[in-house]
Structures are given as C-alpha cells and as structure tokens.
> 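A single structure is presented below for examination.
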Amino acid sequence: MEPFTINCAVLLLLTSNCFIWSSSLYVSNTAAATPRRLQYLLEPPVHTEVAARRGDNATLPCILRAKPSHYKVKWTKLEPEPSGLENIIMISNANFFKPYGHLGQRASLQRAHTMDASLLLAHLELQDGGRYRCELINGIEDENIVITLRIEGVVFPYQSRNGRYRFTFHEAKEACAEQDGMLATYNQLYKAWTEGLDWCNAGWLLDGTVHYPIVHPRLVCGGDLPPGIRSYGSKDKKRDRFDAFCFTSQTPGSVFYISGSFSFDQADHACKDQSSELALVGQLYAAWRFQNYDQCNGGWLRDGSVRFPIHNPRRNCGGIPEAGVRSFGFLSKTTHLYGAYCYR
C-alpha cells in the first residue's frame, strides 16, 4: 500500500503543477491580448472614421491627454500594401512644422487648443482615402492611433470600347483616370454592392484583384451561389484582361444636357458652343449620385459612349426598376440620334 500512496501523491503533485502552469499561461495570454492603455494620446478619438467628399476639407482627430516634456507629432498615411517606405505627411512639435510630399502641401494641424494635434487636409482628392496614423514620439514610449478617411463616392463598371475583358490592370487604371476616377478599392466595391450594385462582368480593383458584385443571383452569374462579391483573386497585372471598377466622387462643376440628334462631332461642337465640353463617364455618375441628376434621353459622352442618368426609375426610361446610369454602349460616331451631355 505504501508505494501506491507515494505514486498517488506524485501524480497529484504533477496534476497540480500542470493546472498551475495552464492557469498561468491563460492569464499571460489574456494579458498579452489586452492593448496597453495609452498614456499621452486619447483613445478612442472622437471618430475612428471620417467621411468626406472630393474637394472638401477634412479633420482627422488626434488629441493629447498629457504632454511629455519633449515630443513630436508625426502624421503618416498608411499604404494598403507594405512597401517598406513611410508616406510621411508632416512632423510637428509646439514650435516646428515640416510638411512632406504631395499631401503635406495640403495639410496643417488644427490646433484648436494646446492639446489638439488633429490633422487638417484641404481640397481632398480621390486618392486621399485610406488609413492615417497619428504618432506621438518622445524617444521613450512612442504611441499612435489610426484614423480612416473615407471619400464618399460612387463605383461604376467600365469596359473598353473594343468590348468585354480588354484591360490589363494598368490599362484599367488609366481608363478610370481618363473618366475622372480611379480604380475602386475592395471596400468601395463592397459598399456599392450593399447599396445595390449588381454587375455580372468581372473587373480589376486597385489592389490587383478581380471581382464582381451580385445582388440577384442567376445562372449566368455564378449560378446558385448566394448574393455577394464574387472573387477571382489576384491576377497577372500584365497578362490577364478584365473590365474595370472605377470610383469617383463629387465634382466642382455640373453636367447638363443639350437636346438634339447629333453625331459625336456635332455633340462635341454643341458643348463647346456652350463654353463647356463633353462630359466624362465619371462626371455623369457623380451628377447622378450627388445632384440626383435625372434625364430620360440618351446623350454622347467624351469617350464615345451614349448614356443617360435615371434617379427616378419609370417604365419609359430604360424599363429597369433600379436607379442608375443606363448605357447604349459605344456606337458609331456618325450616328445622328442622340443629344449631348456637357460639363462645365
């Protein structure tokens, strides 16, 4: 009986040790998962996401709760893909301010009070959307918070005039820029899908992936899969060819329609006679989205396509129950049937 008693004691001791070790491991992991409380910066800030439109000004909040004796504040735009380089916007302290790069020329500190290190960005551009880091540097315990700037806008699919799936990634990027836009991000496409964008052709996004949004599943668009963003994943940017999903925002000008039965050249001259120019596709989408532009007549655009914007869907204006920009595609430029959409 004695050996058995000793073995049980040893076993009990080992079991107790294992329990203590496991409990310590759990506490340690739990502590590691708990973020360190910031000493100098206020977190969370007033807003973790700031929304604004192109051309507007935006304030990205960063408030100090305490000031170390010597410190600097550095604002950086975080690139979506690691590049090994910091996109610094500015470095500042109480007496010194130094801007960097293109963004730095439009940036300043709000300084509403002595503890305010919020960033002011003026005349927002499409490319300004993304994540920004406010970093307090004092040489010992650096701290930072991250704020997201979301540019409000609209996503539109775009095809080559030569047909479906003709763009490499770089050609898609150029095509969006030519239409007053940029390649959309996945988040922008996802938001557009939640707002009803349903498109059965795959297109490039800014990160080099290819997707298409489906609200109403059908056999030719992924079959019986549930609604969502269909993904082809990352593709070869130089070899693979798809359409493009472009993103644009409000514009400083306005779009207007000139009635007529013009050829493309006649439409171009009609706009110039009104001290304007044929509108770009992105400009027409921006007018539809931000100015509720509604016109039930096809008109030429600068890329040679014929489209019309519908804000209030009705049976005799395309027959589609959803609002949107309708397209007749790219027609012969000698066709004398349509008016002109001008921009000034």
Side-chain angles (χ1 to χ4, degrees), residues 53-55 125-126 153-164 166-167 171-184 192 197 199 201 203 243-344:
R53 298 177 182 179
R54 177 172 57 179
E125 301 177 0
L126 292 178
V154 57
V155 172
F156 60 95
Y158 192 75
Q159 289 185 345
S160 165
R161 67 174 299 109
N162 296 320
R164 179 174 177 259
R166 298 298 179 96
F167 295 135
E171 289 168 345
K173 198 172 183 178
E174 290 175 3
C176 289
E178 289 171 356
Q179 298 308 315
D180 190 44
M182 59 174 283
L183 275 177
L197 181 60
W199 196 257
N201 293 336
D243 293 338
F245 285 107
C246 305
F247 173 81
T248 194
S249 186
Q250 72 176 0
T251 64
S254 61
V255 173
F256 63 96
Y257 178 76
I258 298 179
S259 180
S261 296
F262 303 131
S263 67
F264 174 82
D265 289 338
Q266 290 171 337
D268 184 46
H269 288 303
C271 289
K272 289 178 178 177
D273 288 342
Q274 297 292 324
S275 301
S276 61
E277 56 189 359
L278 280 172
L280 301 173
V281 177
Q283 291 166 343
L284 184 63
Y285 268 92
W288 165 74
R289 176 62 177 268
F290 294 109
Q291 301 169 16
N292 299 332
Y293 191 41
D294 186 287
Q295 180 70 47
C296 192
N297 300 95
W300 292 101
L301 297 178
R302 202 185 310 175
D303 67 342
S305 64
V306 175
R307 306 174 194 252
F308 62 99
I310 295 297
H311 184 258
N312 299 310
R314 50 228 189 251
R315 183 174 300 177
N316 62 340
C317 292
I320 300 174
E322 291 83 16
V325 175
R326 315 283 193 249
S327 174
F328 291 108
F330 295 90
L331 306 179
S332 169
K333 291 186 175 181
T334 60
T335 302
H336 290 71
L337 288 177
Y338 302 103
Y341 284 103
C342 308
Y343 177 83
R344 67 178 173 207

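Note that the coordinates shown come from a computational prediction; the quantities given were computed from them, not determined experimentally.
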> Are the side chains of Pro309 and Asp294 in contact, using a 4.5 Å heavy-atom criterion?
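Of all side-chain heavy-atom pairs linking Pro309 with Asp294, none is under 4.5 Å.
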> List for me each residue that meets side-chain hydrogen bond (donor to acceptor under 3.5 Å, both in side chains) alongside Arg166, sequence neighbours excluded, and say none if there are none.
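Listed in chain order: nothing, the list is empty.
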> For a side-chain contact (heavy atoms from CB on, under 4.5 Å) check, start with the C-alpha distance between Val306 and Ser327, then their side-chain angles and the critical distance, and finish with the verdict.
CA-CA 6 Å; Val306 175; Ser327 174; over 6 Å; no
> State, to 0.1 Å, how close Val155 and Ala184 come at their nearest heavy-atom pair, and which atoms those are.
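Residues Val155 and Ala184, closest heavy atoms: CG2-CB, 4.1 Å.
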> Go through it in stages, so that I can follow the logic: the residues are Phe247 and Val154, the test is side-chain contact (heavy atoms from CB on, under 4.5 Å), and I'd like the CA-CA distance, side-chain angles, deciding distance and then a yes or no.
CA-CA 6 Å; Phe247 173 81; Val154 57; over 6 Å; no
> What closest approach, in Å, do Pro313 and His311 show between heavy atoms, and which atom pair accounts for it?
CD-O, 3.4 Å
> State whether Phe256 and Arg344 meet the cation-pi test: NZ (Lys) or CZ (Arg) under 6.0 Å from the six-membered ring centroid, and within 45° of the perpendicular axis.
yes
> Side chain of Arg54, backbone of Thr248: donor and acceptor closer than 3.5 Å?
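No; judged by distance alone, with no hydrogens or angles, the pair does not exist.
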> Name all residues meeting the side chain to side chain contact (heavy atoms under 4.5 Å, CB included) criterion together with Asn297; count only those two or more places apart in sequence or in a different chain, and write none if there are none.
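Testing Asn297 for side chain to side chain contact (heavy atoms under 4.5 Å, CB included), a comparison that skips the adjacent residues, returns Tyr257, Gln295.
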> Nearest 0.5 angstrom please: Ile258 CD1 to Cys342 SG, how far?
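Result: 3.5 Å between the selected atoms.
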> Looking at residues at least two apart in the chain, or sitting in another chain, which of them share a salt bridge (charged side-chain N to carboxylate O under 4.0 Å, His left out) with Asp265?
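Salt bridge (charged side-chain N to carboxylate O under 4.0 Å, His left out) check on Asp265 returns nothing, list empty.
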> Can you sort out the partners of Lys272 under side chain to side chain contact (heavy atoms under 4.5 Å, CB included), two or more places apart, ordered by chain and number?
Asp268
> Would you mind telling me which of Phe308, Phe262, Phe328 makes a ring pair (Phe, Tyr, Trp, His ring centres under 6.0 Å) with Tyr338?
Phe328
> Does the side chain of Ile310 reach to within under 4.5 Å of the side chain of Val325, using non-hydrogen atoms?
no
> Answer with yes or no after comparing the ring centroid distance for Trp300 and Phe264 against a 6.0 Å cut-off, counting only values under it.
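Yes, they do, as the ring centres are separated by less than 6.0 Å.
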> Under the ring-ring contact (aromatic ring centres under 6.0 Å, His included) test, which residues partner Tyr158, sequence neighbours left out?
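Not a single residue meets the ring-ring contact (aromatic ring centres under 6.0 Å, His included) criterion with Tyr158.
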> Rounded to the nearest 0.5 Å, what separation is found between the CD atom of Gln179 and the SG atom of Cys246?
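Answer for the CD-SG pair, Gln179 versus Cys246, is 7.5 Å.
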> Just verifying a value: how many Å separate Glu174 CD and Leu183 CG, rounded to the nearest 0.5 Å?
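Nearest 0.5 Å value for the CD-CG distance: 10.5 Å.
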> Would you mind reporting whether Asp303 and Glu178 have side-chain heavy atoms less than 4.5 Å apart?
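They are not in side-chain contact.
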> So do Tyr343 and Asp180 actually touch side chain to side chain, heavy atoms under 4.5 Å?
no
> Please tabulate, one pair per line, all N/O donor-acceptor pairs under 3.5 Å involving side-chain atoms of residues 274-286, not counting sequence neighbours.
{"unit_1": "Ser276", "atom_1": "OG", "unit_2": "Cys271", "atom_2": "O", "d": "2.8"}
{"unit_1": "Glu277", "atom_1": "OE2", "unit_2": "Arg302", "atom_2": "NH2", "d": "3.0"}
{"unit_1": "Gln283", "atom_1": "OE1", "unit_2": "Leu280", "atom_2": "N", "d": "2.9"}

> Could you tell me whether the side chain of Arg314 and the main chain of Asn312 form a donor-acceptor pair under 3.5 Å?
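Present.
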> Gln266 side chain to Ser263 main-chain N or O, any donor-acceptor pair under 3.5 Å?
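Yes.
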> Can you name the closest pair of heavy atoms from Arg326 and Gly318 and give their distance?
NE-CA, 4.3 Å
> Which pair of non-hydrogen atoms, one from His336 and one from Ser261, has the smallest distance, and what is that distance?
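Distance-wise, the nearest heavy atoms are O-CB, 3.6 Å.
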> Begin from the C-alpha positions of Arg164 and Asp243 and carry the test side-chain contact (heavy atoms from CB on, under 4.5 Å) through to its verdict.
CA-CA 7 Å; Arg164 179 174 177 259; Asp243 293 338; 4.1 Å; yes
> Return yes if some donor-acceptor pair links the side-chain N/O of Thr335 with the main-chain N/O of Leu337 below 3.5 Å, else return no.
no
> Run Phe245 and Phe156 through side-chain contact (heavy atoms from CB on, under 4.5 Å) and show every step you take.
CA-CA 6 Å; Phe245 285 107; Phe156 60 95; over 6 Å; no
